[in-house]
Amino acid sequence: MKWSIAAIAGLLAPSAFGAAVADKKITYNGYKAYRISTHHDDAVIKAKLAPLSPVTFNLDTSEHLDVAIPPSEVAKFKALGLDATVLHEDLGADIAKEAAFGTYDLTAQAVPSLTWFNTYHAYADHVTFFSDLRAAYPNNSELINAGTSVQGRSLFGIHLWGSGGKGSKPAVYFHGSVHAREWITSKVVEYITYQLLVQYSTDTVVKTILDKYDFYIIPFVNPDGFVYTQTTNRLWRKNRQTRSGSSCVGTDINRNWPYKWELTNGASTNPCDETYKGVAAGDTPENQGLVAFTQSLKNSKGIKLYIDWHSYGQYILLPYGYNCAARAANHARQTTLAQGTAARIKLSYGTTFTYGPSCSTLYATTGSSVDYITDVALAEFAWTIELRPSGSQGTSGFVLPAAQILPSAIEQWEGIKYLLTNA
Ligand code: 0X9
Ligand code: ZN
């Protein structure tokens with residue numbers, strides 16, 4: 001099904017929130033995106049950029065700063081003479097290319113075909129994709145709902161099980177698209193779901209895995225943000241919650257979990273910032289739903305593995321985010337598995353994933369899902385995976401070319417099979 005942006009806005013925006021989608025679409029036409037080497041002095045680079053109005057991509061700016069420069073400032077940017085490579089010659093053109101979703105026809109067959117993974121898709125089609133999968137595999141799957149977003153969308157997901165029957169085994173639990181602009185995450189999560197169901201009856205490794213675990217997969221934990229990236233601003237990150245006293249919109253759901261939320265330095269208290277943590281721990285509707293759902297998994301068969309899928313940078317991040325010296329009780333085991341998973345991922349296309357504790361490898365985060373799910377929900381393994389492109393050799397950012405969807409998905413699928421066979 002081919003959707004125009006206008007159709008998405010009209011069909012998916014609950015009427016009470018019509019105003020939000022009336023925001024004028026930001027095209028990013030003519031914006032040039034660059035990766036600027038900081039030579040370990042990002043403050044100097046940021047000071048040089050201060051007279052310009054760059055759109056910044058990455059939060060860890062110790063080695064490089066990825067920015068989009070408006071067309072009117074490109075000449076001024078070049079005159080700064082910074083050590084930079086081009087990530088997008090024209091970000092607007094690359095976004096337009098990415099939004100040409102193609103003509104995939106979801107109604108053509110009962111089980112969606114692999115060509116689904118050749119392009120990105122509109123939110124409504126992702127919803128249909130999961131309900132079609134469930135309908136094709138009613139003996140191994142059901143649709144689930146982990147809560148409701150600010151604008152009233154379901155935090156829908158799919159629950160998969162094997163020969164032990166529904167709900168009989170420990171949980172493997174995935175979250176996709178907590179950050180709205182990280183589109184590759186929902187595609188990868190979809191591919192893993194798809195292969196688990198499609199290959200269950202023919203592949204012994206897949207059968208062993210699905211017979212051993214119940215999977216709970218929530219592809220869009222921030223549906224409002226995702227829709228907003230399709231209607232209005234491709235680079236939106238947070239949810240779409242308004243706060244009294246501020247005209248800025250959005251709380252970072254990955255800074256809002258009620259664990260170590262109160263610590264300073266791992267999130268922002270400014271509603272205008274990308275890592276805004278909210279006024280109180282767990283004060284986003286998305287987080288409230290996710291906490292209750294996570295608790296239900298903890299209280300039934302427990303959580304074997306949680307993965308929060310993000311992009312970009314090519315990292316496997318282990319606990320913890322809140323403190324760079326803290327380590328999970330089973331840290332050595334987690335490290336061994338991350339090393340093996342990274343090695344297995346690399347076998348497909350040579351893609352390198354760096355692994356290590358989140359805070360010491362990237363930066364501090366407070367109120368993150370992984371810390372909550374490790375210490376409160378007591379998952380045995382809880383990771384963040386930052387998908388393609390690379391944080392050092394990458395040639396794009398959140399707008400990853402559609403040609404890389406399948407390779408990204410295939411290498412992660414290989415990694416997950418390794419991980420769940422060895423964990
Ligand atoms: O900052 C984040 O939320 C994640 N990176 S991203 O660039 N996709 O925004 C990293 C979160 C890692 N935190 C923990 N694993 N605790
Ligand atoms: Zn993210």
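In listed order, ligands and their atoms are each counted from 1.
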Just to confirm my output: which protein heavy-atom neighbour is closest to [atom], and how far is it?
{"atom": "atom 14 (C) of ligand 1", "result": "S358 OG, 3.0 Å"}
{"atom": "atom 11 (C) of ligand 1", "result": "N254 ND2, 3.6 Å"}
{"atom": "atom 1 (O) of ligand 1", "result": "Y363 OH, 2.6 Å"}
{"atom": "atom 10 (C) of ligand 1", "result": "E386 OE2, 3.3 Å"}

* Do Y306 and Y173 have their ring centres less than 6.0 Å from each other? -> yes

* **H126-F220 aromatic ring centre distance below 6.0 Å** => yes

* Steps toward side chain to side chain donor-acceptor pair (under 3.5 Å) verdict (S62, D60) -> CA-CA 6 Å; S62 55; D60 171 23; 2.9 Å; yes

Heavy atom of [X], distance to ligand 1 below 4.0 Å:
{"X": "Y322", "value": "no"}
{"X": "G313", "value": "no"}
{"X": "E274", "value": "no"}

Atom indices of ligand 1 within 4.0 angstrom of [X] heavy atoms, with elements:
{"X": "L59", "answer": "1 (O)"}
{"X": "D371", "answer": "16 (N)"}
{"X": "R237", "answer": "1 (O), 2 (C), 3 (O), 6 (S), 9 (O)"}
{"X": "S311", "answer": "8 (N)"}
{"X": "T365", "answer": "13 (N), 14 (C), 16 (N)"}
{"X": "G321", "answer": "16 (N)"}
{"X": "S368", "answer": "14 (C), 16 (N)"}
{"X": "T384", "answer": "12 (C), 14 (C), 15 (N)"}

* Asked: Is the shortest N/O to N/O distance between Y312 and ligand 1 below 3.5 Å?
  -> no

Going by atom types alone, do [X] and [Y] pair a side-chain donor with an acceptor below 3.5 Å?
{"X": "Y28", "Y": "N233", "answer": "yes"}
{"X": "S53", "Y": "E73", "answer": "yes"}
{"X": "E411", "Y": "T351", "answer": "yes"}
{"X": "S268", "Y": "R255", "answer": "no"}
{"X": "D23", "Y": "T232", "answer": "no"}

Would you check if [X] and [Y] make a side-chain contact, meaning some heavy-atom pair closer than 4.5 Å?
{"X": "H88", "Y": "Y31", "answer": "no"}
{"X": "P258", "Y": "Y372", "answer": "yes"}
{"X": "P319", "Y": "V370", "answer": "yes"}

* To do: Take Q195 and Y191, measure what side chain to side chain donor-acceptor pair (under 3.5 Å) needs, and give me the verdict at the end.
  => CA-CA 6 Å; Q195 293 298 3; Y191 185 85; 3.0 Å; yes

* Is the NZ or CZ atom of R388 positioned over Y349's six-membered ring, under 6.0 angstrom from the centre and within 45° of the axis? -> yes

* To do: Identify which one of Y312, Y123, W236, F226 satisfies the ring-ring contact (aromatic ring centres under 6.0 Å, His included) criterion when paired with W183.
  =>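 It is F226, the one option of Y312, Y123, W236, F226 that forms the ring-ring contact (aromatic ring centres under 6.0 Å, His included) with W183.
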
* Protein N, O or S atoms at less than 2.8 Å from the Zn ion (ligand 2), how many? -> 4

* Looking only at non-hydrogen atoms, which of E182, R255, R181, K260 approaches atom 3 (O) of ligand 1 most closely? -> R255

* Asked: Where on D252 is there a heavy atom closer than 4.0 Å to ligand 1, on the side chain, on the backbone, on both, or on neither?
  ->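 The answer is neither; D252 stays 4.0 Å or more away.
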
* To do: State which residue, out of R240, K238, R243, fulfils the side chain to side chain donor-acceptor pair (under 3.5 Å) condition with T251.
  =>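 The passing option is R243.
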
